Amino acid sequence: MLSVIVPTYNERDNAAALLQRTLDAFGQIPEPAELLIVDDDSPDGTAAAMEAEATARRAGDRVRVITRTTDKGLAKAVSAGFAAASGDVVAVMDADLSHPPELLPELLAAVRKGADVAIASRYVSGGGTEGWPLKRRIISRGACWMARPLTPIRDSTSGFFALRKEVLEGMEFVPRGYKIGLELFARLPQARVTEVPFVFRDRTHGVSKLGSAVILAYLVQLATLYRNRFPRLVGYLQFGLIGLLGMAVDSAMFALGYWYIGLKTLGPTLGGFFAQTLSFVIAARFNFALNRLWTFRERRRHARMSVFLAVSMIGFVLRSLLFEFIVSLPPPTNGGWWAALVHAVTIEQIALVLGVVTA
Ligand code: GDD
């Protein structure tokens with residue numbers, strides 16, 4: 001049996017055509033099928049309109065309307081649909097008919113032929129988009145391209161797909177963001193996937209909810225999926241980025257501590273030592289705090305500050321010695337004061353990273 005989940009928010013004007021075309025498509029399917037409208041209590045009365053259209057077509061047995069009033073959101077609505085679906089195959093489709101219901105028989109047939117997931121794809125031969133401005137085409141292509149290391153699927157941001165419900169079992173699936181398809185596909189690297197071409201035709205009624213908040217949510221979702229899939233690589237990138245930021249903090253603190261405090265109050269030698277110490281302590285705290293908050297956020301590691309400081313002290317000593325050595329070289333060999341500082345803080349940041357890893 002096929003269950004078609006359609007999340008809706010303010011889609012009243014699409015109700016009649018959606019129900020008619022979907023029920024017509026059911027007529028082409030050689031097994032029972034149901035339509036699940038999952039509405040987030042739309043203020044325009046979508047739920048009532050869908051129910052009225054179903055009754056008018058005497059399709060109350062094939063159409064169910066679920067109204068959600070709490071914990072709203074597209075991904076959560078689809079997830080609620082998965083939980084309520086009776087079919088062993090579930091499909092997800094938009095309400096605005098940009099996803100043609102006529103493709104449902106083909107998607108179902110692909111699953112029945114052995115695919116775990118059948119995706120209606122704009123980006124395989126025969127697929128495409130119609131009526132999209134250049135900006136949206138670029139955003140859509142860019143979004144798929146950014147997800148390529150996570151999945152070989154060409155149209156990984158498609159919201160129109162069918163899957164064998166059993167692939168969801170035991171899966172660590174988090175209903176977040178807008179791209180529920182990607183959330184699933186990225187977590188199913190072993191799944192047998194078929195992409196069925198289709199042309200996305202922009203909605204004629206209502207408005208798309210795609211905006212900067214949706215784009216931002218997508219980027220956050222992507223970052224999380226990358227962290228889950230490539231934890232080591234992403235960890236190294238985070239260390240590197242924090243190291244670079246740490247270098248900036250360190251250099252700025254050193255310059256401030258030396259020129260504005262140390263040199264004026266303690267003279268060049270003691271003032272230099274004061275600035276080295278001040279910038280080390282601040283940069284070390286910065287590096288430690290940021291790595292705990294960000295790099296180890298999900299692992300909830302309880303790093304030991306004492307171990308971190310002990311390892312970092314080696315960096316501090318190396319940094320001070322290197323700095324003194326470089327500035328003591330005759331110019332132009334020493335490359336100037338800033339060159340000495342950059343070399344010194346680089347060594348120190350490497351030690352800080354080692355400190356975080358061992359702590
Ligand atoms: N229940 C519920 N709650 N449904 C929602 C919500 C929500 O908060 N937000 C949006 N929807 C429903 C809409 O009513 C529509 O049926 C579907 O989700 C998609 O929303 P649109 O606003 O039409 O999406 P879009 O046009 O920006 O995005 C389309 O293109 C993407 C690919 O670029 C959709 O087709 C996506 O599914 C697709 O991934």
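From a predicted model like this one, the values you see are computed outputs, not experimental measurements. As the structure lists them, so they are numbered: ligands from 1, and atoms in each ligand from 1.
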Exercise. Would you call the rings of F230 and Y226 parallel, tilted or perpendicular, where under 30° means parallel and over 60° means perpendicular?
Worked result: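 Rings of F230 and Y226: tilted, 30 to 60°.
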
For this session: Look at the rings of F280 and F316 and say which category their plane angle falls in: under 30° parallel, 30 to 60° tilted, over 60° perpendicular.
Result: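 F280 and F316: tilted rings.
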
For this session: Would you please test M50 and V63 for side-chain contact (heavy atoms from CB on, under 4.5 Å) and show each step?
Result: CA-CA 9 Å; M50 295 286 180; V63 180; 5.8 Å; no

For this session: Run down the list V92, T8, L97 and name the one with the heavy atom closest to atom 1 (N) of ligand 1.
Result: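 Residue with the shortest heavy-atom distance to the ligand atom: T8.
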
Exercise. Centres of the F185 and F161 rings: under 6.0 Å?
Worked result: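 Centroid distance F185-F161: below 6.0 Å, so yes.
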
Exercise. Would you say the ring centroid of F254 lies under 6.0 angstrom from that of F323?
Worked result: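 Centroid separation for F254 and F323: below 6.0 Å.
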
For this session: Please state which part of K179 comes within less than 4.0 Å of ligand 1, counting heavy atoms only: side chain, backbone, both or neither.
Result: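 The answer is the side chain.
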
For this session: Answer side chain, backbone, both or neither: which part of P7 comes under 4.0 Å from ligand 1, heavy atoms only.
Result: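 It is both backbone and side chain that touch ligand 1.
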
Problem set entry | Verdict with supporting geometry, M1 and V89, side-chain contact (heavy atoms from CB on, under 4.5 Å) | CA-CA 6 Å; M1 176 177 180; V89 177; over 6 Å; no

Contact check, [X] vs ligand 1, heavy-atom distance below 4.0 Å:
X: K76; value: no
X: E11; value: yes
X: R136; value: yes
X: R122; value: yes
X: F200; value: yes

Exercise. Does NZ or CZ of R136 lie under 6.0 Å from the centre of the six-membered ring of W132, at an angle within 45° of the ring axis?
Worked result: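 Because its charged atom sits under 6.0 Å from the ring centre and within 45° of the axis, R136 does stack over W132.
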
For this session: Take Q349 and N287, measure what side chain to side chain donor-acceptor pair (under 3.5 Å) needs, and give me the verdict at the end.
Result: CA-CA 8 Å; Q349 285 297 324; N287 189 303; 2.9 Å; yes

[X] heavy atoms, cut-off 4.0 Å: which ligand 1 atoms fall inside?
X: H99; result: 35 (O), 37 (O)
X: G73; result: 3 (N), 7 (C), 8 (O)
X: D94; result: 16 (O), 17 (C), 19 (C), 29 (C), 34 (C), 35 (O), 36 (C), 37 (O)
X: G159; result: 37 (O), 38 (C), 39 (O)
X: D96; result: 23 (O)
X: V38; result: 1 (N)
X: S158; result: 39 (O)
X: T157; result: 32 (C), 38 (C), 39 (O)

Problem set entry | Electrostatic pair K165-D88, nearest N-O below 4.0 angstrom |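 A salt bridge is absent here (no side-chain N lies under 4.0 Å from a carboxylate O).
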
For this session: May I ask you to check whether over 12 heavy atoms, not counting those of R154, lie within 6.0 Å of atom CZ?
Result: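 Not buried by this count: 12 neighbours or fewer within 6.0 Å.
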
Exercise. Does an N or O from A77, backbone or side chain, lie closer than 3.5 Å to an N or O of ligand 1?
Worked result: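 A77 vs ligand 1: no N/O contact under 3.5 Å.
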
Problem set entry | Pairing residues for W259 by the ring pair (Phe, Tyr, Trp, His ring centres under 6.0 Å) criterion, not counting sequence neighbours |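 W259 satisfies ring pair (Phe, Tyr, Trp, His ring centres under 6.0 Å) with W337 only.
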
